[in-house]
Protein chains: 2
Amino acid sequence: MTGRRPKNGLREVAQLAGVSLATASRALSQPDRVSENVRKRIEEVCRQIDYVPNHTARGLSLKRSQMLGLIVPTTSNPLFAPTIDGVRMVLDEHGYNMVIDSAERDHVRELEMVRNLVAHGVDAIVTIMPTHLPELFDFVRKMNVPLVSAHHFSPGKSVPTVGYDNVAAITEMTDHILSLGHHRIAIFSGPGHTTPVIAERLEVIQARLAAAGLPPRPDWVIECDYEVAQMRRAARALIAPDDRPTAIICTGDQHAVSTLVEAQLLGLPVPEKLSVTGCNDVAIAELCNPQLTTQRLPYLELGQAACRLALDMLAGRDVPERTLLPHRMIIRGSTAAPTKGLSS
Amino acid sequence: MTGRRPKNGLREVAQLAGVSLATASRALSQPDRVSENVRKRIEEVCRQIDYVPNHTARGLSLKRSQMLGLIVPTTSNPLFAPTIDGVRMVLDEHGYNMVIDSAERDHVRELEMVRNLVAHGVDAIVTIMPTHLPELFDFVRKMNVPLVSAHHFSPGKSVPTVGYDNVAAITEMTDHILSLGHHRIAIFSGPGHTTPVIAERLEVIQARLAAAGLPPRPDWVIECDYEVAQMRRAARALIAPDDRPTAIICTGDQHAVSTLVEAQLLGLPVPEKLSVTGCNDVAIAELCNPQLTTQRLPYLELGQAACRLALDMLAGRDVPERTLLPHRMIIRGSTAAPTKGLSS
DNA sequence: CTTCCTTGTGAAACCGGTTACATTCTTTGC
DNA sequence: GCAAAGAATGTAACCGGTTTCACAAGGAAG
């Protein structure tokens, strides 16, 4: 503290150690290219003055930032938390940082975010948006920035994609209900217009039921937002009448649990008089009574795989266009064969 | 596409527009300092070649990155999702980006993360860690980087802190149970050793019960991890015996809901024979039967306020050392006076 | 004792922007 | 009609690192 410090970062270190800037830089990034003696002296100085390297400058020079950009549809839906966590786990192993943006379920905004991330110099991008603007593909190709799409296989994606088999998962669940002998089946779904994944499930279930020869019941196809009061109201409307379904297939666990709660309040035993299925296997699927039959979807693994792929692309390795991750049906206590005499 | 592009970013724009680099730069950052004519020409060129600015270079020159660092205790606990969301909301308004790190509930790692974030050039930092290493305060002071701590007021924090009154909230809840006339009260808690906030709640509840003259029942103080099977097992052990409490105060909603489920399985009516309280008011508090009496804690607001404070500090404005956000007790169906004859 | 090759180090260019200062060209005032 | 003020633009230094290249010293080979 005797005089004013140059405060030029590495320049100061170099000066204090009595070497040139270049040597100081090498001592830190390629320790074996400098003499033992000098290296130790520089390390000592770094400790002394508590030197903090400037990754911005480093990034400018090296043209890489050690940062990966992650775009999520929304930060408020806890469903994506495991995916974010998966990305973070892999990033941690590689000393990478994560900058995260929310596209607010909007394609146009997604493209903005991608431009923004590229402007900020991220080395690669993972996006969990289910579908993308075509311009997005042009942009990343032109900018030559690795981008991988995680979550949903939709036609026309021209970037590496990792996902699970949404159609198979919900088909399997529908077949489970059908094979139990149910004929009076309702669908309780999240809003399809904001979420292609949900729209797809809804569509697949309906098609499957029709294929099984069940007459369509439009009043048994409910779309409802994730707000608790709304879900419970809708669930009640579905199961309160005497003319009620014997099974309800939900596109998400929240809707299923809401249904369970309302059934309980109405004194309708599950699964004896009503079977209910969920999807996603979030924590609440086990925190209800009975526990939920649901599909465990690989959200954590989605994040991990997508992140690995992105880093692979960055390293110049070839990556597959599609990576399919397995789902698994978890049959718990909320489904059973319909009571005789009610099912037909 | 006639020849090779210089590909020097703004230099290329300048060249194509027939102006100097400085003018091009000004046209974008201070449009009113260049002539109408030139500005339009430059904007046109930018559009033509789809110019993407380099924020890294900009950051190096300006010494600010338009990025804020956020440190969370863990990304796997969805409890912090609203806080992250709150930060993001405010950041969006200011055109800031967020780089997020997980400290894995570890102080030492938190300090590493802070150093890492500073090295990456973030303009300010928000951390949701409940307590910090003393070295952290020295570091941020020395580096002169705005840091605000959100979540918990613990003694000795020498940085601006935003939080809620954890002690008051859990005291209020304990008093609610006491005032209903309960004397046989158990505590079902998350793990205190990993989470100071939980440890504090546990301590406060015990002190309050003792102050009310209740004899201590060590077997009615349970600490249990957040894993569903574990929580349910512990809850069952607590309420299965005939010698059971008439009320269970939980330090988190998950524990409370687990208890609710087990009570239901045992045919133990809530709230008639057992009162249960939660804390945090996460979504499941409304997705159970009966709905949970709990404390609504301002997690979203925590993120918003902390982020605003951080940006204020960055702008050189004075900020309060402590910002207290209100909590609110939400009395729902899971609590009631004990049945006569059982309570005493 | 040269000559050639290593090895360690320094000087300077560079990454892609921002900006203080200098310069040129208009205005405006007297 | 000329000086002074003002507006638009250009020149060059700078942010804090990395890296190419040149150079000097030391060791091995001839």
Side-chain angles (χ1 to χ4, degrees), chain A residues 5-43 45-46 49-67 116 118-123 143-144, chain B residues 5-43 45-46 49-67 115-116 118-123 143-145:
Chain A
R5 290 262 188 74
K7 206 62 176 69
N8 292 336
L10 201 49
R11 256 133 186 129
E12 182 186 2
V13 173
Q15 189 183 317
L16 289 176
V19 298
S20 77
L21 168 63
T23 302
S25 172
R26 274 188 290 253
L28 298 181
S29 46
Q30 317 163 43
D32 45 339
R33 307 230 340 80
V34 307
S35 71
E36 172 90 6
N37 192 346
V38 166
R39 178 164 49 75
K40 283 201 170 147
R41 204 159 71 241
I42 288 177
E43 280 169 1
V45 172
C46 285
I49 69 170
D50 200 19
Y51 166 69
V52 179
N54 182 329
H55 271 70
T56 305
R58 182 166 221 267
L60 181 58
S61 187
L62 292 181
K63 292 167 181 301
R64 67 192 157 72
S65 59
Q66 300 280 104
M67 294 197 305
N116 174 48
V118 171
H120 273 278
V122 300
D123 296 335
M143 288 297 156
N144 196 32
Chain B
R5 290 260 188 77
K7 206 63 176 69
N8 292 336
L10 200 50
R11 258 137 186 125
E12 183 186 0
V13 173
Q15 188 182 318
L16 289 176
V19 299
S20 78
L21 169 63
T23 302
S25 173
R26 273 188 290 254
L28 299 181
S29 46
Q30 315 162 45
D32 46 338
R33 307 228 344 78
V34 308
S35 72
E36 172 91 5
N37 193 345
V38 166
R39 178 163 49 73
K40 282 199 171 149
R41 205 158 71 240
I42 289 177
E43 280 168 1
V45 171
C46 286
I49 69 170
D50 200 18
Y51 166 70
V52 179
N54 183 329
H55 270 70
T56 305
R58 182 167 222 266
L60 181 58
S61 186
L62 292 180
K63 293 166 180 303
R64 64 192 160 73
S65 59
Q66 299 280 104
M67 294 197 305
R115 297 186 70 102
N116 174 48
V118 170
H120 273 278
V122 300
D123 296 335
M143 287 296 156
N144 196 31
V145 48

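Sequence lines set the chain letters: A, B, ... in the order given, protein chains first and strands last, and positions in each chain run from 1. All values below come from the heavy atoms of this structure, side chains included, with hydrogens, waters and symmetry mates left out.
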Main chain of [Y], side chain of [X]: is a donor-acceptor contact present, judged purely on distance under 3.5 Å?
X: A:Asn8; Y: A:Arg11; result: no
X: A:Thr23; Y: A:Val19; result: no
X: B:Asp123; Y: B:Ser65; result: yes

Can you measure from CZ (A:Arg58) to NZ (A:Lys63) and round to the nearest 0.5 angstrom? 15.0 Å

For the atom pair CD (B:Glu12) and SG (B:Cys46), what is the distance rounded to the nearest 0.5 Å?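 SG of B:Cys46 is found 10.0 Å from CD of B:Glu12.
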
[X] side-chain N/O to [N] phosphate OP1/OP2 under 4.0 Å:
X: A:Ser25; N: D:dG17; result: no
X: B:Tyr51; N: C:dG17; result: yes
X: B:Ser35; N: D:dT9; result: yes
X: B:Gln30; N: C:dT18; result: no
X: B:Lys63; N: C:dT18; result: no
X: B:Ser61; N: C:dT18; result: no
X: A:Ser20; N: C:dT9; result: no

Mind calculating the distance between [atom1] ([X]) and [atom2] ([N]) to the nearest angstrom?
X: A:Ile49; N: D:dG16; atom1: CD1; atom2: P; result: 13 Å
X: B:Asn8; N: C:dG17; atom1: CG; atom2: P; result: 9 Å
X: A:Asn37; N: C:dT7; atom1: CG; atom2: C1'; result: 14 Å
X: A:Gln66; N: D:dG17; atom1: CD; atom2: C1'; result: 14 Å
X: B:Asn54; N: C:dT18; atom1: CG; atom2: C1'; result: 13 Å
X: A:Asp32; N: C:dT7; atom1: CG; atom2: P; result: 11 Å
X: A:Leu10; N: C:dT9; atom1: CG; atom2: C1'; result: 15 Å
X: A:Gln15; N: D:dG17; atom1: CD; atom2: C1'; result: 16 Å

Residues B:Lys40, B:Glu43: salt bridge by 4.0 Å N-O rule: no

Closest-nucleotide 5' rank along DNA chain C - winner of B:Leu62 and A:Glu36: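 Here A:Glu36 is the residue nearer the 5' end.
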
Between the base of C:dG8 and the side chain of A:Arg33, is one N or O donor paired with an acceptor at under 3.5 angstrom?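 No, no donor-acceptor pair under 3.5 Å.
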
Base C:dG17 paired with B:Arg26 side chain (donor-acceptor, <3.5 Å):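 Absent.
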
Side chain of [X]: nearest nucleotide among [options]?
X: B:Leu21; options: C:dT18, D:dT9, C:dG16; result: C:dT18
X: B:Leu60; options: C:dC15, D:dG17, D:dC15; result: D:dC15
X: A:Arg11; options: D:dT9, C:dG17, D:dG16; result: D:dG16
X: B:Ser29; options: D:dG17, C:dT18, D:dG10; result: C:dT18

With DNA chain D as reference, determine whether A:Arg58 or B:Ala22 sits nearer its 5' end, using the nearest nucleotide of each. B:Ala22

